[in-house]
Each structure stands twice: as structure tokens, then as C-alpha cells.
Amino acid sequence: MIRLLDLRSEKSGYCFPVSEKMWGILGRRAVDGGFSASSFRRMRSGLVSARSYAAGSKEMTVRDALNSAIDEEMSADPKVFVMGEEVGQYQGAYKITKGLLEKYGPERVYDTPITEAGFTGIGVGAAYAGLKPVVEFMTFNFSMQAIDHIINSAAKSNYMSAGQINVPIVFRGPNGAAAGVGAQHSQCYAAWYASVPGLKVLAPYSAEDARGLLKAAIRDPDPVVFLENELLYGESFPISEEALDSSFCLPIGKAKIEREGKDVTITTFSKMVGFALKAAEKLAEEGISAEVINLRSIRPLDRATINASVRKTSRLVTVEEGFPQHGVCAEICASVVEESFSYLDAPVERIAGADVPMPYAANLERLALPQVEDIVRAAKRACFRSK
Amino acid sequence: MALSRLSLRSNRFLRPSTTAAALPSSIRRHVSTDTTPITIETAVPFESHLCDAPSRSVETSSAEILSFFRDMARMRRMEIAADSLYKSKLIRGFCHLYDGQEALAVGMEAAITRKDAIITSYRDHCTFLGRGGELVDAFSELMGRKRGCSNGKGGSMHFYKKDACFYGGHGIVGAQIPLGCGLAFAQKYSKEEFVTFTLYGDGAANQGQLFEALNIAALWDLPAILVCENNHYGMGTATWRSAKSPAYFKRGDYVPGLKVDGMDALAVKQACKFAKEHALKNGPIVLEMDTYRYHGHSMSDPGSTYRTRDEVSGVRQVRDPIERVRKLLLSHDIATEKELKDMEKEVRKEVDDAVAQAKESPVPEPSELFTNMYVKDCGVESFGADRKELKVTLT
């Protein structure tokens, strides 16, 4: 007997037995327009989950995932506190810290003046003394005002002090391009921060990534740069019961194979993972099976997973949104050439943001960022299907 | 017999003093542990901004003044030894010496506990010693040996002693100021009744991050005490050439401040005591310590291209912190000249022994190149110059 979620409301427990045949009828009805596409998706996922009740069929936005992660870690450890511009009364510039001030009070959630160098230094000093700050940069573009503290005061301290002073701090905020925000508000900092020994640099894609990686970052005794993406905040992803548990953490330094494939490896992180998955769909239509790796962790970089995949597929396309020169893609290419040279059947391909400051005009902005067709084209080149 | 010795001594050394009477020599032998309160007037008055200056009468004791002498003598000898080690190329890179400024380190320690935090700039050797650091650990670190307080991985600018709440040792001018306010933040967050002294120079006093951090410290009532060690030169630039307003104790604007004779250990003690009480009740305060460094900015700077040798020797003659304490000890009959000279000899031997011991200490193992990068390594890889030759998995 299978329990079916009531089609009118996802949450009711009303059930009746459903046979495979009936599912087929329901499915056809939906396609014929009897249901909206989204309700069909919800229904379908509900039916899928009906097969195994424990799996759950919840969806969660990245925003809620981040919010719940911070909430749970604050609840579990009184040393965790949040600091940044508009994180408290304003509920967060992007509402990531919504509700936290009301729940935990002004002694755990601090609205700062617009002085990144000052408040970042204060956060690092608090971490020296053993507290666990979660410092928000409204965007990582503003982190440049505080970069000395991130690198010289935080990243290097454990080493310079031979282990006396560790810095359990998280620097988080949106990174990379948003939409139409121009040159000073669109830069990706993954390559800059990931080049620094002593830092850990994470970049979630899905809601599960967001929850698991942020919880791991907050618990981590070392400084973590947590690169979110503004355009992903509102996106919903399915999330498992396991990921919803308050003890859920993802390991730092492990990439995730989002889609298995055998012809070409596509590595990327953050918003580009979605683009790579779309590209993989398109490539599948042309008979190219692409393996999509979601890096999750830029530093430490999961070279093992990347190289194992390339040794399987023999071709590599690396994708990132940031500037191409000295980027994350360059590091991955170098790593693969060094470790898996004889496995490569084609030169490695890089798809990155254009080598220009981000323009404002929509058509130029589109040209300045990787698109799905760019990834598809590069994969085809790697497979010698085009020049 | 004792009496005749006493009268001879008293003719030579007894001067009008505020409280101490001539003591028989048998009692004077024990004064290094004598904690009977004595009150001494500071020579120079305090100048205040937005607060009432503390009294010029400082409560101290023979034991304390004697400890000032010994500790400052030790600090002075350490810095002089570092000078010659640098010239013999046993110390490399940067070496910023503190001789002349010792009163600040000892005066501050006398006013606070080891649970109050101190954070300072790269001119940190004496501050480290004041926090209970060992001479041999200091010299070993300077010479890049394993025994060093940072295992040889930090160097002159990166001494730390976390168990005594000394948070370094910072190379970037001014960075320690927000960090110090962060330490104060943590103290307040944890509801501890302790304060943080964050030390910086007249050069750093113009840094924007100082004002950013001070604004937040004042807004959030953090127990942060900003101590400007005004030695009148930011590297080679005199204060009148770098600051429109060199009244550093007033630069906090809405934050109270106090200007202190930084060459007088007792004045420093009084000011720090006052500041700690203030910070615990009212939030941040700025202390400006008027002090002087005999050496140049660092060992690469002769210190004579931007100031005259007469100026340096003038300060040494009139304001030297150790000489002032020596005069105090002699005029109050707390010790004889010979006793003080013997103490200096002991200190010199202490320092020489520590240098010798440090010279024998081995350099760090090559594997130390990759240690302490993270607390939680979790299988991170790290590479040497030739990554195919030297690759390490951190565990």
C-alpha cells in the first residue's frame, strides 16, 4: 500500500492506495494541462517520496537553508554570534539573518557601522579570544576593505604563532555577479582567497550545500571564507531529512559529483553548477555524457575527485564566473595536467567570465558571463565535435 | 658597629624624601620583598581630555620599585643583546627595538593582571617579557630556532603568549587596534571583568581603522584601552610632519583621553590603573604615553638621519626610565648603588646565558614548514616549491 499525498495540500496525510497504472493516468492528466507545471512537479515529487516515507520531499530555498544553519549553530553554541551591516534590525540585506535578532537578542546579533576594516578586525580579535564570529560582508566586493584582516590577521595567525592563536571565524556573504549591479559590485573573489594558505574557502550551490557547508564552517576552528551567490538565494532545491537535521554537516574539502557521466568532466562551483547541469542535459541530447562536479570547496580543492573523474572521461572543461586570469579554473587545469596528463585526450578547456570589468548594459553583461551555450561548446570542442 | 655604618651611609645617601626614613642596613637587606605602601609623586602632571586626571600620588612599595628596576634592566639588556645579534647576522629580517620605552611595559604590568589582555605592534620583545615570557624563548625566536616562542616560525614581529593573554606581535601598522577592540569585545561578551590594552605608535595613530574600531568600541561600550606609544617618530617621520593634530590623547574626540609621562614607570602604572577602572565602567579610553626610543625604527634604520644625536643623548641623560628608577631607589634608600650595580650584573649574566642557550638551540625540523596551517587539517594537501618533490597531506 502506498501513501499518496493529497493533491490539494502537500501536507495532509490523507491516503489511498495507488497503482502504477493510476500514476500513469495522473501523469497524462498533468501533461494535458489539467495541472500547472509546478503543481505537477510537487505532486510527482510527492508520489516519489510516497514510496519511501523517510526520504521526505521537502524543498528549501538557499536563503532558508543559510538562515536555518546559522540559527541552529547559534542555538547549539553560545560563542557563535553574528556581525555585519543590517544583519539585525533590517533582518539582513538579503534576509539571510532574518529573525535572528528577535530570537537571540542584541548580544548575539550585532549591527555594525559601515566600516569593514574596523568590524572585521574586531571580529578577528574576538575569534583570537575564543568566540566564534560569523561576519557578514554585504557583498564580497566590500571585503577588499578588510582583506588585510582576513589574510594577515586571520589566515596566517595559527602558523605565525605556531598553534597558539587559532581563529574560528566565518566570513560570509554574496560573491560574484548579481544582475545589473555593475563593475564594482560583481567581482568573484574565489581565486583570491583560495590562493591563501591558512584559509578555507567554500562555495555552496544547493540548499543542502548551503546548510551542510555553513554549519561545517561555523564549527570549524579555522578561518573560513564562505562565498554565497545572491541569485541563488531565492532558488529552491529538494532537501533530504538528513540535511534538515541539526547535526548535518558536509565535509570541507570534498567535491560532489552532481551528475555522473563518461565522456567529459565539467567542474564548477556556485551558480555555474546550475548552468553546467543544463549544459549536460543539452549535451546528452547530442550523445555526449558529461560528468558535472560541484566543487563545494575551493580551498582545500578536491584534486582527487577531479583527477579521478578526468581519468575516467579523459576530457576536462572547467567553468567559473570570475575573471579568467589566474582563476580557479587555471589551478584545476594545472592540477590535471600535472597529475593526469597521460589520461587527457584533449586540451583542457576553460570557461570563465570575460576579461573585462562587469558592464552594466544587459546585453554586455550577458556577454561578460559564461552562458550554458559556452559550456556546451567547450565540451563539444573537448570531444572534437567542433573547433 | 652597625650604627656607625648606618651614619656613614646616611651622610652620603639620605635625601629629603616623602616618607621613607633611613633604615638600618640589616633591615634594608630585605627590602626586595618589602611591600609596605609608599607614595611617590609623579614628576610630570597628567593631561586629560573629557575626564578627570588621576592623582599624581602613586601608591607603590619598595619591592615594586625594585622589580621595576630589575625588569627594565633585563629588557634593556635584551634589546642591546638583540642589536649585536642582528649585527652578527644571527637575527635576520626585521628587528624593532624597544630600548627607552621599557617603563611602559613594566608600569602597565604593575597595574593589571595576566587575565587582562595586551596586543601590540611589531615592537613587541619587551611586552612579551613583561607578560612573563622567557628570555631564552625570545632569543630563540629571534634567531629562528625551534625553542622560540613561535617555534621559529614567527620571528621578531610575531611573539605571542596566549596563556598570559598576550595576543602578539603584529606586522601591519594599526591592524592590532581593531583586533584589540575585538579582544575587549570578547571580554565583555563573556562577562569577564577584564580589559584589553591595545598598543600602537604615533605613526599608527593616523590609521583609519583606529577610528573605525574606536567608534564601535565607544558605541558598544567595550573595555578597550587604546595606548598610543608616542615616541615622536613614525619610522623616519616626526609627529609634526605626519599628524595635523599630534595631541593623540584628544584624537578620540568623544572618547576620553589621558596624556602620561611614558618614561616614568609609576606614572604609567597610575594611568593604566585609572584606565582599567574607567574602561570597565565607561567604555574605551585613549592613553598617550610620551616616550622615546633610542634605536632607530628598526635595525636597518640608524635613527640619526631624522633626529640629532644630541636629541637622543639628551633624552638618555634627562629622561631615561631606568635611571629615574635608580635615583628613586637611592633617594628613598631602598637600595645602595652597589646593590643596584650587582643587580645589573646579574641581569646581564641572565641575558648572556639566555643568548648562549638560544644559540645552541636547533633550527626547526623541515616538516615544521607544513605544521600549524590549520587546527583541523582534514586531509588538506600542501606543496613545497617543487610539488612533485615535496607534497604533504596535513593530518
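Each chain gets a letter, A, B and so on, in the order its sequence line appears, and its residues count up from 1.
- Interface remark: Leu394(B) contributes no atoms to any contact with chain A (heavy atom separation under 4.5 Å).
- Looking at Ile114(A), there are no atoms closer than 4.5 Å to chain B (heavy atoms on both sides), in backbone or side chain.
- With respect to chain A, the highest number of heavy-atom pairs below 4.5 Å among Thr196(B), Val380(B), Ile216(B) belongs to Ile216(B).
- In this structure, chain A has a heavy atom under 4.5 Å from the side chain of Lys191(B), while its backbone stays farther away.
- Looking at Arg303(A) and Glu381(B), their side chains come closer than 4.5 Å, going by heavy atoms from C-beta outward.
- Cys149(B) touches chain A through its backbone: at least one of N, CA, C or O sits under 4.5 Å from a heavy atom, while the side chain does not.
- Counting only heavy atoms from C-beta outward, the side chains of Val286(B) and Arg251(B) never approach each other to under 4.5 Å.
- Neither the backbone nor the side chain of Gln145(A) comes within contact range of chain B; no heavy atoms are under 4.5 Å apart.
- Heavy atoms of Lys188(B) lying under 4.5 Å from chain A are absent altogether.
- In Arg387(B), the CZ atom is crowded: over 12 heavy atoms of neighbouring residues, nucleotides or ligands sit closer than 6.0 Å.
- Chain A forms the most heavy-atom pairs under 4.5 Å with one residue out of Gly148(B), Pro364(B), Ala186(B), Ser150(B), and that residue is Ser150(B).
- Summarising the local packing, CD of Glu338(A) is surrounded by more than 12 heavy atoms from other residues, nucleotides or ligands at distances under 6.0 Å.
- Interface remark: of the candidates Leu199(A), Ile252(A), Thr112(A), Leu199(A) forms the most heavy-atom pairs closer than 4.5 Å to chain B.
- The contact between Pro78(A) and chain B is made entirely by backbone atoms, counting heavy-atom distances below 4.5 Å.
- Looking at Ser382(B), there are no atoms closer than 4.5 Å to chain A (heavy atoms on both sides), in backbone or side chain.
- Only the side chain of Asp148(A) comes within contact range of chain B, judged by heavy atoms closer than 4.5 Å.
- Of the atoms belonging to His158(B), heavy atoms from both backbone and side chain fall under 4.5 Å from chain A.
- Ionic pairing of Glu141(B) and Lys153(B) is not present here: no N-O contact between side-chain nitrogen and carboxylate oxygen is shorter than 4.0 angstrom.
- When each of Arg108(A), Lys156(A), Lys200(A) is scored by its heavy-atom pairs under 4.5 Å with chain B, the top score falls to Lys200(A).
- Between Asp71(A) and Tyr104(A), some side-chain heavy-atom pair lies under the 4.5 Å cut-off.
- Leu183(B) touches chain A through backbone and side chain together, each having a heavy atom under 4.5 Å away.
- Contact annotation for Tyr160(B): both backbone and side-chain heavy atoms come within less than 4.5 Å of a heavy atom of chain A.
- Heavy atoms of Leu219(B) lying under 4.5 Å from chain A belong exclusively to its side chain.
- Lys161(B) has a carboxylate O that lies under 4.0 Å from a charged side-chain N of Asp163(B), or vice versa, which qualifies the two as a salt bridge.
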### Message
The test is ring pair (Phe, Tyr, Trp, His ring centres under 6.0 Å); show your working for Phe185(B) and Tyr110(A) and say whether it passes.
### Response
CA-CA 11 Å; Phe185(B) 176 95; Tyr110(A) 291 84; 4.9 Å; yes
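- Atom CD of Glu368(B) has more than 12 neighbouring heavy atoms from other residues, nucleotides or ligands inside a 6.0 Å radius.
- With chain B as partner, the option from Ser297(A), Ala162(A), Pro168(A), Ala117(A) having the largest number of non-hydrogen pairs under 4.5 angstrom is Ala162(A).
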| message | Please evaluate residues Ser156(B) and His125(B) with respect to the criterion side chain to side chain donor-acceptor pair (under 3.5 Å), reporting the C-alpha separation (whole Å), side-chain torsions for both, the decisive distance (0.1 Å), and the verdict. | response | CA-CA 7 Å; Ser156(B) 165; His125(B) 309 161; 2.8 Å; yes
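- Residue Gln184(A) qualifies as open at atom CD: its count of foreign heavy atoms under 6.0 Å is 12 or below.
- Contact between Ile225(B) and Ala279(B) at its shortest, heavy atoms only, is CG1-CB, 3.8 Å.
- Each of Ser153(A), Gly253(A), Ala304(A), Gly130(A) has some count of heavy-atom pairs under 4.5 Å with chain B, and the biggest count is that of Ser153(A).
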